[in-house]
Protein chains: 2
Amino acid sequence: MINDLLLTHINKNVKFSTRAQEEFCSFFQPKTIPKKEFLLQQGQVCKFEGFVIEGCFRIFSMDTKGNENTLYFAAKDWWLMDIDSFMNHKPSDLNIQALEDSKILMISEEDKTTLYDTVPIAEKFFRIMFQKSIVAWQRRLVQNHSLTAKERYHHFKKNYPEIVAKLTDRQTANYLGITHEFLSKIKKQA
Amino acid sequence: MINDLLLTHINKNVKFSTRAQEEFCSFFQPKTIPKKEFLLQQGQVCKFEGFVIEGCFRIFSMDTKGNENTLYFAAKDWWLMDIDSFMNHKPSDLNIQALEDSKILMISEEDKTTLYDTVPIAEKFFRIMFQKSIVAWQRRLVQNHSLTAKERYHHFKKNYPEIVAKLTDRQTANYLGITHEFLSKIKKQA
DNA sequence: AGATAGTGTTGAACTTGTTCAACATTTTTC
DNA sequence: GAAAAATGTTGAACAAGTTCAACACTATCT
């Protein structure tokens, strides 16, 4: 069933009653996104939250100098959205693009509000998700300061081999905050 | 009253009933921390969450190379904790040190659990706090990649002048991810 | 299948930021 | 109030990572 992955995911984090599980899932609708298509583009207001079932996405922004900046990649089992835009109803700074044919479960902004009101445990669930997310962001920041580009590359490759495998070197380099030329030189060294 | 700042803070984010406000605040106890003292040291399990009433703290980790790495500073109106350690009951990688004589409101781990169970709106409140926090971490990461050290310094000084004013240049430089010597050179340029 | 656009590699010159050491100044401590 | 410790500054040599340009290779599109 389409909701299996989502059910496994939520139960891994918070104990949902069977009733709550059903209600929770009923708010989500499947959507397929072909390779290269944008789920969200800079300037649009993000009116959804997505949970990746299969495929892979790149979440990135463009700075004033015209450089892309990859925030993260979302593969199976990851959440997908621009929190700032979603929460504050403001135009997004982010682009969300499918790197391959992908499938997600989506919830609209209105339904998310209803979900919080009708399934109270959802509030706890997402609180815990966000806490985990903060831990990950903090780690990434420390690593960016304390590791060299080479160390960061090997760390990423070791911890997310399935994701690295889906990426071009240019995408990997951008995520690591280095040029693709330099990544090429790093790979040669190793 | 001691809880005024906390009340203003929570009401800015979520509508609490008068009853919920009282209950919420009743879980917190004031604590003063003299300058230079550690509220948490690497290796300890973080069993509290703190809300800064006055003063300022530095949250940092030490990497394997022996370098300090400042995650953030927490002044009045900021929350204080090691989420990872608090959530997973594991030894912390972080140090939390008072930069000046400070006062916080504290809640213990057990009380936090009780708070979530007895004051349901607390769950929503902290979910929103965590969302905002993620937005801030994402922004910081993008800035670290897209701005030069000079730009980062001026950005930080412009956005958090009260905090910068409390810091030594070494602390500011460490937060920005550069050496204090280089910060000195940046300041000379400007 | 051929044209086209995107990807990975390499080298040389360059820029940003680091390291180390020395010194002057300020702050803390007894 | 003197001694000690921490802070900020400057310079010279260095290292990490960038930029630009050229080339070979691989996908993609019709």
Side-chain angles (χ1 to χ4, degrees), chain A residues 34-38 56 58 60 62-70 73 95 97-101 141-157 163-190, chain B residues 34-38 55-56 58 60 62-70 73 95 97-102 141-157 163-190:
Chain A
K35 184 170 180 171
K36 294 200 176 168
E37 197 151 294
F38 285 85
C56 189
R58 183 165 75 104
F60 65 98
M62 290 260 289
D63 63 30
T64 45
K65 296 161 190 159
N67 298 312
E68 289 185 357
N69 224 292
T70 302
F73 300 103
N95 301 281
Q97 188 180 26
L99 296 181
E100 46 186 46
D101 291 346
L141 198 102
V142 168
Q143 283 165 9
N144 278 345
H145 281 174
S146 67
L147 303 183
T148 63
K150 191 179 174 179
E151 292 169 326
R152 256 147 49 218
Y153 171 61
H154 287 117
H155 186 272
F156 182 46
K157 224 177 108 175
I163 293 195
V164 175
K166 292 173 192 252
L167 306 177
T168 65
D169 280 5
R170 285 165 132 94
Q171 290 164 342
T172 304
N174 190 258
Y175 171 82
L176 296 172
I178 59 177
T179 59
H180 65 278
E181 292 98 329
F182 192 55
L183 176 55
S184 175
K185 282 158 196 173
I186 285 173
K187 283 169 64 183
K188 203 180 158 194
Q189 284 174 50
Chain B
K35 184 171 178 170
K36 292 200 176 170
E37 198 151 292
F38 285 84
C56 189
R58 183 166 75 103
F60 65 100
M62 291 258 289
D63 61 32
T64 44
K65 296 162 191 161
N67 299 312
E68 289 184 358
N69 225 293
T70 302
F73 301 102
N95 301 281
Q97 186 180 28
L99 296 180
E100 47 185 46
D101 292 343
S102 302
L141 198 101
V142 168
Q143 282 165 9
N144 279 344
H145 281 174
S146 68
L147 303 182
T148 63
K150 190 177 176 180
E151 290 169 328
R152 256 145 52 217
Y153 170 61
H154 287 117
H155 186 270
F156 182 46
K157 224 177 110 178
I163 293 196
V164 176
K166 292 174 192 250
L167 306 177
T168 65
D169 280 5
R170 285 166 131 91
Q171 292 164 340
T172 304
N174 190 259
Y175 171 82
L176 297 173
I178 58 176
T179 59
H180 64 278
E181 292 98 329
F182 192 56
L183 176 56
S184 176
K185 282 159 198 173
I186 285 173
K187 284 168 65 183
K188 204 180 159 195
Q189 284 174 47

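Per chain, numbering begins at 1; letters A, B, ... match sequence-line order. Keep in mind that what you see is a predicted model, and the values were worked out from it rather than measured.
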Any N/O pairs under 3.5 Å between the protein and nucleotides 19-27 of chain C? List them or say none.
residue, atom, partner, partner atom, Å
C:dC20, N4, B:Glu181, OE2, 3.4

**Report entry** Any A:Lys188 side-chain nitrogen or oxygen under 4.0 Å from OP1 or OP2 of C:dG11
**Finding:** yes
Requested in this report: Find the distance B:Asn144:CG to C:dG17:C1' and express it as a whole number of Å.
Outcome: 14 Å
Query - Side chain to side chain, A:Asn144 and B:Asn144, heavy atoms closer than 4.5 Å - result: no
Query raised in the report: Under 4.0 Å between a Lys/Arg side-chain N and an Asp/Glu carboxylate O for B:Glu151 and A:Lys65?
Result: yes
Report summary line: Rounded to whole Å, CD1 of A:Ile178 lies from P of C:dG8 at a distance of 13 Å
Query - Bend angle of the helix from C:dA1-D:dT30 to C:dC30-D:dG1, from helix axes over five pairs at each end, nearest 10° - result: 70°
Query raised in the report: Minimum heavy-atom separation for B:Ser146 to A:Asn69, with atom names?
Result: CB-ND2, 3.7 Å
Query raised in the report: Between atom CG in B:Leu147 and atom C1' in C:dT15, what is the gap in whole Å?
Result: 17 Å
Query raised in the report: How close or far is atom P of D:dT7 from atom CG of B:Asp169, stated in whole angstroms?
Result: 10 Å
Requested in this report: Would you kindly compare B:His180 and A:Ile186 by the position of their nearest DNA chain D nucleotide and give the one closer to the 5′ end?
Outcome: B:His180
Query - Rounded interatomic separation in angstrom, taking CZ from A:Arg170 and P from D:dA27 - result: 14 Å
Query raised in the report: In whole Å, what is the span from the CD atom of B:Gln189 to the P atom of D:dT10?
Result: 12 Å
**Report entry** Polar side-chain atom of B:Asp101 near backbone of B:Lys35 as donor-acceptor pair, under 3.5 Å
**Finding:** yes
Report summary line: Only residue of A:Lys157, A:Lys185, A:Lys187 satisfying salt bridge (Lys or Arg N to Asp or Glu O under 4.0 Å) with A:Asp169 is A:Lys187
**Report entry** Donor-acceptor side-chain pairing of A:Thr70 and A:Asn174 below 3.5 angstrom
**Finding:** yes
Report task. Check A:Ala98 against A:Pro34 and note the closest heavy-atom contact, atom names and distance. Result -> CB-O, 3.6 Å
Query raised in the report: Would you call B:Arg58-B:Glu68 a salt bridge at under 4.0 Å N-O?
Result: yes
**Report entry** Spacing of B:Glu151 atom CD relative to C:dT16 atom C1', expressed in whole Å
**Finding:** 12 Å
Query raised in the report: When the distance from CG of A:Leu99 to P of D:dT28 is rounded to whole Å, what number comes out?
Result: 13 Å
Requested in this report: Drop me the distance from A:Phe60's CZ to A:Gln97's CD, to the nearest 0.5 angstrom.
Outcome: 5.0 Å
